[in-house]
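For reference, the structure discussed in these notes is given below.
Letters A, B, ... are given to chains in the order of the sequence lines, protein chains preceding strands, and every chain is numbered from 1. Quantities reported herein were computed from a predicted structural model and do not represent experimental measurements.
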Amino acid sequence: MLKLASWNVNSLKIRLDQVLEWFDSERVDVLAMQETKLLDENFPMNAFIEKGYHVVFSGQKTYNGVAVISRYPLSDVLTDIPDFNDPQRRILVVTVAGIRLINLYVPNGSELTSDKYQYKLNWLQKVTTFIQQQMSIFPNLAVVGDFNIAPEDRDVHDPAEWAGSVLVSPAEREAFMQLLQLGLYDSFRNFIQDEQIFSWWDYRAAAFRRNRGLRIDHILLSKSLNALCRQSVIDKEPRKSERPSDHAPVWVELDLNVS
DNA sequence: ATGGCAATCTCTGATTGA
């Protein structure tokens with residue numbers, strides 16, 4: 001079994017000890033992180049290397065930043081969408097354990113009238129083309145990360161309250177559907193899940209305690225990998241800890257033998 | 001309708017997130 005996870009850590013500097021503790025105690029094999037918010041020169045690579053883990057990262061100051069840590073070697077790294085000039089560090093692509101892993105921190109979009117929303121839609125279009133190209137090369141492919149899209153109303157605690165906002169707009173949901181139409185599967189929906197399961201809760205207004213959340217962190221799997229998916233889980237426990245990230249980690253278990 | 005909380009770099013308040 002291979003346990004593959006994704007977590008928006010909202011500053012790896014603040015969350016380093018929590019990440020290490022969770023990675024170890026949950027016996028995660030591969031963890032894709034978003035919002036590390038660290039320049040590469042400040043990335044705490046020794047904290048992972050001294051434990052024997054493999055690590056790659058693509059960071060920037062204050063905002064964004066993505067990384068992957070793994071018990072297995074990481075190779076064939078990409079840090080940009082080809083033919084798309086973007087200074088923001090939002091994608092990290094690696095090959096690990098025979099899987100092409102695409103780690104995304106999709107832009108938030110701010111609000112529907114914002115330039116950032118247009119940037120988000122354009123970014124999604126560019127990354128979709130890239131993923132399509134990667135899928136033609138790598139049958140075992142996973143697209144994971146903070147998508148900043150709640151795909152359906154059941155992924156939103158109060159759809160009426162959220163109507164007209166980013167994360168739930170028709171254009172964003174259409175972009176998400178286009179990823180599925182490439183032949184990717186939303187692994188969470190492979191299984192019967194409880195209702196009102198989310199991966200993000202606002203820090204404000206006791207949103208976590210009231211379970212006022214959204215499911216915006218996803219693990220999408222190609223058909224051959226999805227056939228090996230035995231579990232897809234959102235782990236709320238780290239969100240309960242002191243000084244938590246506002247996102248919960250998500251993980252899948254894949255019935256793969258890795259040497 | 002608004003603000004609420006957290007992280008960052010410091011323009012010690014403004015900006016961003018979702």
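- Side-chain N/O atoms of A/Asn8 include one lying less than 4.0 angstrom from OP1 or OP2 on B/dA18.
- Annotation: salt bridge (charged side-chain N to carboxylate O under 4.0 Å, His left out) contacts involving residues 233-242 of chain A, sequence neighbours excluded, comprise A/Glu237-A/Lys240.
- Side-chain proximity of A/Arg15 to B/dA18, B/dA7, B/dT15: nearest is B/dA7.
- Aromatic ring centres of A/His218 and A/Phe176 lie closer together than 6.0 Å.
- Listed by first and then second residue, the salt bridge (charged side-chain N to carboxylate O under 4.0 Å, His left out) pairs involving residues 181-197 of chain A are A/Asp155-A/Arg189, A/Asp186-A/Arg215 (not counting sequence neighbours).
- Within the structure, salt bridge (charged side-chain N to carboxylate O under 4.0 Å, His left out) contacts touching residues 247-259 of chain A (residues at least two apart or in different chains) are A/Arg230-A/Asp255.
- Look at A/Arg100 and A/Asp76 and you find no salt bridge, because none of the NZ, NE, NH1 or NH2 atoms lies under 4.0 Å from a carboxylate O.
- In this structure, A/Phe147 atom CZ and B/dA18 atom P are separated by 14 Å, rounded to whole Å.
- In this structure, A/Asn108 reaches the bases: a heavy-atom distance under 4.0 Å links it to at least one base atom across the strands shown.
- Environment of CE in A/Met177: sparse, with no more than 12 heavy atoms of neighbouring residues, nucleotides or ligands closer than 6.0 Å.
- A heavy atom closer than 4.0 Å to some atom of DNA chain B occurs in A/Leu167, these being the qualifying members of residues 161-179 of chain A.
- At whole-Å resolution of the value, CG in A/Leu112 and P in B/dA18 are 15 Å apart.
- Rounded to a whole angstrom, the distance from the P atom of B/dT10 to that of B/dT16 is 15 Å.
- Within 4.0 Å (heavy atoms only), A/Phe198 reaches no atom of the nucleic acid at all.
- Toward the 5' end of DNA chain B, the nearer of the two residues A/Thr36 and A/Gly109, judged by each one's closest nucleotide, is A/Thr36.
- The C1' atoms of B/dC11 and B/dA1 are separated by 30 Å, rounded to the nearest whole Å.
- Note on A/Lys116: only backbone sugar-phosphate atoms sit closer than 4.0 angstrom, heavy atoms only; bases stay farther off.
- A close approach under 4.0 Å does not occur between any side-chain nitrogen or oxygen of A/Asn10 and OP1 or OP2 of B/dA6.
- Going from atom CD of A/Gln18 over to atom P of B/dA6 covers 13 Å, rounded to whole Å.
- Phosphate contact (OP1/OP2 of B/dA18, side-chain N/O of A/Tyr105, threshold under 4.0 Å): present.
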- A/Phe23 and A/Tyr53: ring pair (Phe, Tyr, Trp, His ring centres under 6.0 Å), yes or no, with the steps? CA-CA 11 Å; A/Phe23 188 82; A/Tyr53 305 150; 4.9 Å; yes
I'd like a list of close polar pairs between nucleotides 9-11 of chain B and the protein, N/O only, cut-off under 3.5 Å.
none

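- Summarising the geometry, the separation between CZ on A/Phe208 and C1' on B/dG4 is reported as 18 Å, rounded to the nearest angstrom.
- Under 3.5 Å, the side chains of A/Asn64 and A/Gln60 contain a donor-acceptor pair of N or O atoms.
- Sorted by first and then second residue, the salt bridge (charged side-chain N to carboxylate O under 4.0 Å, His left out) pairs with a member in residues 107-126 of chain A read A/Lys120-A/Glu172; sequence neighbours excluded.
- If you check the side chains of A/Asp246 and A/Trp201, you find no donor sitting under 3.5 Å from an acceptor.
- Ranking B/dT16, B/dA6, B/dT8 by closeness to the A/Ser11 side chain, first place goes to B/dT8.
- To the nearest angstrom, P of B/dA7 lies 17 Å from CD of A/Gln34.
- Counting to the nearest Å, the C1' atom of B/dT2 and the CG atom of A/Asp202 are 13 Å from each other.
- To the nearest whole angstrom, the two C1' atoms, one in B/dT12 and one in B/dT8, are 12 Å apart.
- Below 30°, between 30° and 60°, or above 60°: for A/Phe57 and A/Phe43 the angle between ring planes is below 30°, a parallel geometry.
- Rounded to whole angstrom, the span from the NZ atom of A/Lys120 across to the C1' atom of B/dG17 amounts to 11 Å.
- What separates CZ of A/Arg204 from C1' of B/dA18 is a distance of 8 Å, to the nearest Å.
- Comparing B/dA7, B/dA6, B/dA18 by their nearest atom to the side chain of A/Ile14 picks out B/dA7.
- Positionally, the nearest nucleotide of DNA chain B for A/Arg243 lies more toward the 5' end than for the other of A/Trp200 and A/Arg243.
- The P atoms of B/dT2 and B/dG13 are separated by 25 Å, rounded to the nearest whole Å.
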